[in-house]
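One structure is given here, and the rest of the page talks about it.
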Amino acid sequence: MKKAILLFFVCAVALFAAKNASNLPVSREASLVEQYSSSEVSLKATGFGKKPENAREDLKKAAIWFTLYNGTDPLLNSEQAKTAFEAIQESFFGSASNYITFEATSTISSIKAKVNGVQGFKVTKNVRVNQAAIRTELENKGVLLSKDALSSKVGGLPFLMVIPETPQGQTPLDVFNTNPLARQAAGVIESYLTAKKYDVVVPRAAEQLNDLASIQAELKGADTDISYQLSLALGADVYITFSGSVENNKATVVVKAFETTTARLLGTETGYSQPRPGASAQALVEEAINPAIAAVLSRITSYWQDDIKRGSQYKIIFNVVGSFAGRQLQDMQFAVSEAIEDMFSSFKENIVTDQTMDFVVWAKNEEYSRASSIHRDLAKRLSDVTNVTRINLNRKLIILGLDNP
């Protein structure tokens, strides 16, 4: 009888323990090896378990934990996302193997170890994680905002343009024409972006060559940011620049992203290739670009998500084209400032002179979904004091003239 009771008790404890066992990784040790592709990342991960096979399963979860929480640009990059993930983490890690696309056949190390008083094994291997599949699953579960949802909230995802860093006295097209590695690097970045379903503006598009020719003629040798001017001309919201070198069988590439309307730096990252004697410069450059553009693109997306809270950012420049004398000019400028303050909950006044007024404003998408709507409302509000004329409306850049009413 006593044996039966003892057996029942042992079974009950085992059943309770099994029921309450966590699917979360015991070990959370992992490090980046390389950005394998636009959707996959290679990691070195360590797992722990009472048996080596348990440790091998745990290291897969540790690799996924890294992509979620660690690294330069984790998928769960906000407290809101982390809180939402906690509600599904047990079931998510229960199917961790679904997100592992490759596992090395050989182990880096396998040692006996004790963790939290439990004796077992630590196993380290290289694995490859499908970040794109994880992101899709988190979007389906409502943990992360999908690109479609983000696009609808902010009035569309950003248009991106890829150009090389340009020495003074040259244009980006000059660099493309003389540097085949620059052309190849731009192609790699554009391929990465289009694989992520982003809209990419190509400076070499045939229908824009005439415009670019005139831009080159005007800016050749000028002490100005040609990349910025080119982006404005082609309607890009964000322009991505790159520079780099290939030395000693290794490539180094620096990728930066700027907001076109304000030239504000959104992200910068340096990527490195592994030293590979005998490898072509093109192959080394491509290997170095992948981790850099992955990190920068993550920051561009985070920047665009911030617009949901604050609103889409526009740069509004007023040029005084009419003849306003003394007090009349001052009253007109006061009226413009008051209109900006009334229309937008958040704005920044950059420059006010007798000829120019420069603002950056944040507009809620439900109120102003396009630049022409802002122009229309400003024209109505200021009709008594000035005639607001359109000089240029270029997505997030609005240049208006202030003429006599």
Donor-acceptor pair, side chain of Lys125 and main chain of Ala104, under 3.5 angstrom: yes
Do any side-chain atoms of residues 329-339 form donor-acceptor pairs under 3.5 angstrom with protein atoms, and if so which ones, sequence neighbours left out?
residue, atom, partner, partner atom, Å
Asp331, OD1, Arg327, NE, 3.1
Gln333, NE2, Thr353, O, 2.7
Ser337, OG, Gln333, O, 3.2

At what distance, to the nearest 0.5 angstrom, does CD1 of Ile289 lie from CD1 of Ile189? 4.5 Å
Set of residues satisfying ring-ring contact (aromatic ring centres under 6.0 Å, His included) with respect to Phe324, sequence neighbours excluded: none
Salt bridge (Lys or Arg N to Asp or Glu O under 4.0 Å) with Lys44: which residues, sequence neighbours excluded? none
What residues, two or more places apart in sequence or in another chain, satisfy salt bridge (Lys or Arg N to Asp or Glu O under 4.0 Å) together with Glu29? Lys122
Distance-only donor-acceptor hits, side chain of residues 340-352, under 3.5 Å, sequence neighbours excluded:
residue, atom, partner, partner atom, Å
Ser346, OG, Arg310, NE, 3.1
Ser346, OG, Arg310, NH2, 3.1
Asn350, ND2, Asp358, OD1, 2.9

Can you check whether Ala251's main-chain N or O pairs, donor with acceptor, with Ser273's side chain at less than 3.5 Å? yes
Closest non-hydrogen atom pair, Leu24 against Asp58: O-OD1, 4.5 Å
Once ring-ring contact (aromatic ring centres under 6.0 Å, His included) is applied, what residue pairs with a partner in residues 26-60 remain, sequence neighbours excluded? none
Kindly list each side-chain donor-acceptor pair under 3.5 angstrom involving residues 77-85, sequence neighbours excluded, with atom names and distances?
residue, atom, partner, partner atom, Å
Asn77, ND2, Ser302, OG, 3.1
Ser78, OG, Ala81, N, 3.1
Thr83, OG1, Glu79, O, 2.9

With Lys250, which residues qualify under salt bridge (Lys or Arg N to Asp or Glu O under 4.0 Å), at least two apart? none
Quick check: do Val255 and Thr268 have side-chain heavy atoms less than 4.5 Å from each other? no
Where is the tightest heavy-atom contact between Tyr314 and Tyr368, given as atom of each residue plus distance? OH-O, 3.9 Å
Sequence neighbours left out, what passes salt bridge (Lys or Arg N to Asp or Glu O under 4.0 Å) with Arg299? Give chain and number order. Asp73, Glu269
Give me each pair satisfying ring-ring contact (aromatic ring centres under 6.0 Å, His included) with a member in residues 374-401, each pair once, sequence neighbours excluded. none
Judged by atom type as modelled, is there a donor-acceptor pair below 3.5 Å linking the side chain of Gln184 to the main-chain atoms of Gln282? yes
Separation between CG of Leu173 and OG1 of Thr178, rounded to the nearest 0.5 Å: 10.5 Å
List the atom pairs, with distances to 0.1 Å, where a side-chain N or O of residues 109-121 and a protein N or O form a donor-acceptor pair under 3.5 Å, not counting sequence neighbours.
residue, atom, partner, partner atom, Å
Ser109, OG, Thr124, OG1, 3.4
Gln119, NE2, Ala113, O, 3.3

So, for Ser323 and Gln328, which heavy atoms are closest and what is the spacing to 0.1 Å? O-OE1, 4.0 Å
Those residues that, when tested against Ile391, pass side-chain contact (heavy atoms from CB on, under 4.5 Å) (two or more places apart): Asn319, Ile399
For Val33 and Val41, what are the C-alpha separation, side-chain angles and deciding distance, and is it a side-chain contact (heavy atoms from CB on, under 4.5 Å)? CA-CA 8 Å; Val33 176; Val41 61; over 6 Å; no
